[in-house]
Amino acid sequence: MNNLILQIDTSTSVCSVALSENGQTLAVIDLDEPNAHAAKLTVLIEQILHKTERSMQELKAIAVSMGPGSYTGLRIGVSTAKGLCYGLDIPLIAINTLEALFLGYKEQFGLPEGEAFIPMLDARRMEVYSAVYNHQCKLVKPTSAEIIDANYYNELLASYSRVHLFGSGADKFDELFASNDRVHVQLEFKDSAAFLSPLAFDKFQNKEFEDVAYFEPFYLKDFVVMTKKKVGL
């Protein structure tokens, strides 16, 4: 049976959609430009269906990157996915953004034995959302918000020969760890909806679906609206 799944990732600045069949990515479109989520997401969905000569009615499920990540991006991606699921009467699948990012890195670079792998998403300043995996794909430290300094990974390096940082949160630490050859920063490794393919298919086969009416993104932290202080009054 051809299990066609539409995948959406809007957790970072990249607006990404992919189409997979039985866990294999058929096509992906990644767009990294301002306001792409709000302005282009539905257009990209139409484009990928046209590109693969498939229709909405052939979809068996919608998979969405559930977070952590950008509050606004997650809200747009999840609301779009829920709307499609409701309209097409198909299930919703939610994928942890960091887990998908880790598997995407594994496919491209491999996992050397005895080393640790840290997918990370940019928060503010020196803060990131991250998790830690080993070379056996085991989750060593679950998703959390962390503030990183030059000594942050010393404890982890007591157990692992090297750590790899990658994702939208990693680039800002390139200079910080430039003199430490045991901390490798993989620059410009960006999210993609294509990374969701194997995870989405596994959940589809196991019928691990979300409640379309009540599902909410994994924001990790509460969204705070910042207001500028008035000066000179």
Side-chain angles (χ1 to χ4, degrees), residues 1-32 36-37 40-70 73-74 76-111 117 119 121 131 133 137 139 166-168 189-212 215 217-218:
M1 182 178 292
N2 296 326
N3 296 303
L4 201 66
I5 300 177
L6 176 68
Q7 297 158 191
I8 298 170
D9 188 341
T10 55
S11 58
T12 67
S13 63
V14 180
C15 184
S16 179
V17 297
L19 199 63
S20 69
E21 189 171 60
N22 300 330
Q24 300 297 314
T25 304
L26 299 178
V28 60
I29 303 175
D30 298 322
L31 184 64
D32 190 357
H37 303 334
K40 301 287 182 66
L41 179 55
T42 55
V43 175
L44 296 186
I45 292 171
E46 292 174 358
Q47 287 179 351
I48 206 161
L49 290 170
H50 178 75
K51 181 179 180 179
T52 55
E53 299 182 335
R54 304 300 177 97
S55 68
M56 285 283 190
Q57 288 66 37
E58 294 178 77
L59 298 176
K60 294 296 193 296
I62 307 291
V64 65
S65 187
M66 64 181 284
S70 159
L74 290 172
I76 292 170
V78 168
S79 62
T80 300
K82 290 170 70 171
L84 289 171
C85 289
Y86 182 79
L88 296 169
D89 193 23
I90 56 177
L92 174 67
I93 298 169
I95 304 295
N96 182 287
T97 305
L98 293 172
E99 184 179 4
L101 190 62
F102 165 70
L103 291 181
Y105 184 88
K106 173 193 170 187
E107 288 300 310
Q108 291 193 34
F109 300 103
L111 305 177
F117 306 89
L121 302 170
Y133 293 84
C137 299
L139 182 63
F166 51 92
S168 65
F189 188 78
K190 298 183 179 182
D191 280 48
S192 175
F195 299 161
L196 276 60
S197 297
L199 295 168
F201 185 56
D202 284 346
K203 285 198 169 188
F204 180 82
Q205 289 184 303
N206 295 324
K207 300 187 184 304
E208 296 179 41
F209 305 139
E210 305 297 330
D211 187 314
V212 174
F215 176 73
F218 177 34

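Just so you know, these numbers use all the heavy atoms, side chains as well, and skip hydrogens, waters and symmetry mates. Keep in mind the model is a prediction, meaning the values are calculated, not measured.
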Q.
With a 3.5 Å distance limit and no angle check, can you tell me whether S16 reaches the backbone of A193 through a side-chain donor-acceptor pair?
A. yes
(Q) Testing the 3.5 Å rule here: is there a donor-acceptor pair between the side chains of S65 and D191? (A) no
(Q) Which residues pass the side chain to side chain donor-acceptor pair (under 3.5 Å) test with E210, not counting sequence neighbours? (A) none
Could you pull out all donor-acceptor pairs under 3.5 Å where a side-chain atom in residues 17-26 meets a protein atom, sequence neighbours excluded?
{"residue": "S20", "atom": "OG", "partner": "Q7", "partner atom": "OE1", "Å": "2.6"}
{"residue": "E21", "atom": "OE2", "partner": "R54", "partner atom": "NH1", "Å": "3.2"}
{"residue": "N22", "atom": "OD1", "partner": "N3", "partner atom": "N", "Å": "3.0"}
{"residue": "N22", "atom": "OD1", "partner": "N3", "partner atom": "ND2", "Å": "3.2"}
{"residue": "N22", "atom": "ND2", "partner": "M1", "partner atom": "O", "Å": "3.2"}
{"residue": "T25", "atom": "OG1", "partner": "S197", "partner atom": "OG", "Å": "2.6"}

Q) What heavy-atom pair brings V28 and S192 nearest, and what distance separates the two atoms? A) CG2-OG, 3.5 Å
Q) Between H37 and S11, is there a donor-acceptor pair closer than 3.5 Å when you use the side chain of the first and the backbone of the second? A) no
Q. Minimum heavy-atom separation for S13 to D32, with atom names?
A. OG-OD1, 3.2 Å
Q. If you draw a 6.0 Å radius around NZ in K60, do more than 12 non-hydrogen atoms from other residues or ligands fall strictly inside?
A. yes
Q: Identify the heavy atoms of F209 and K203 that sit nearest to each other, and give their distance.
A: CE2-O, 4.1 Å
Q.
My understanding is that only residues two or more places apart in sequence, or in another chain, count here; which of them pass side chain to side chain donor-acceptor pair (under 3.5 Å) with Y133?
A. none
Q: Return the minimal non-hydrogen interatomic distance between L31 and A36, and the atom names on each side.
A: CD2-CB, 4.1 Å
Q. Does any pair with a residue in residues 1-30 pass ring-ring contact (aromatic ring centres under 6.0 Å, His included), and if so which ones, sequence neighbours excluded?
A. none
Q. How many angstroms lie between CG in L199 and CG in L103, if you round to the nearest 0.5 Å?
A. 5.0 Å
Q.
Any heavy-atom pair between the side chains of V43 and Q47 that's under 4.5 Å?
A. yes
Q) What are the two closest heavy atoms between A131 and L139, and how far apart are they? A) CB-CD1, 4.0 Å
Q.
Here's a test for you: under ring-ring contact (aromatic ring centres under 6.0 Å, His included), which of F102, F189, Y105 qualifies with F195?
A. F189
Q.
Within the structure provided, determine whether K190 and T12 are in side-chain contact (heavy-atom separation under 4.5 Å).
A. no
Side-chain donor-acceptor contacts of residues 84-96 below 3.5 Å, not counting sequence neighbours, with atom names and distances?
{"residue": "N96", "atom": "OD1", "partner": "L98", "partner atom": "N", "Å": "2.9"}
{"residue": "N96", "atom": "OD1", "partner": "E99", "partner atom": "N", "Å": "3.1"}

Q | side chain to side chain contact (heavy atoms under 4.5 Å, CB included) between E58 and L49, intermediate numbers included | A | CA-CA 10 Å; E58 294 178 77; L49 290 170; over 6 Å; no
Q: Grab the two heavy atoms, one from V64 and one from A81, that are nearest each other, plus how far apart they are.
A: CB-CB, 4.0 Å
Q. With a 4.5 Å limit on heavy-atom distance, are the side chains of V78 and K82 in contact?
A. yes
**Q.** From CD (E208) to CG (D202), nearest 0.5 Å
**A.** 8.5 Å
Q. Side chains of T10 and T80: does their closest heavy-atom pair fall under 4.5 Å?
A. no
(Q) Could you work out, with side chain to side chain donor-acceptor pair (under 3.5 Å) as the rule, every residue matching K106, not counting sequence neighbours? (A) none
Q) When rounded to the nearest 0.5 angstrom, what distance separates CD1 in I29 from SG in C15? A) 9.5 Å
(Q) For the CG atom of D9 and the CG atom of L101, what is their distance to the nearest 0.5 Å? (A) 8.5 Å
Q | Distance in Å, E46 CD paired with K40 NZ, rounded so as to fall on 0.5 Å steps | A | 13.0 Å
**Q.** CG-CD1 distance between L196 and I5, expressed to the nearest 0.5 angstrom
**A.** 9.5 Å
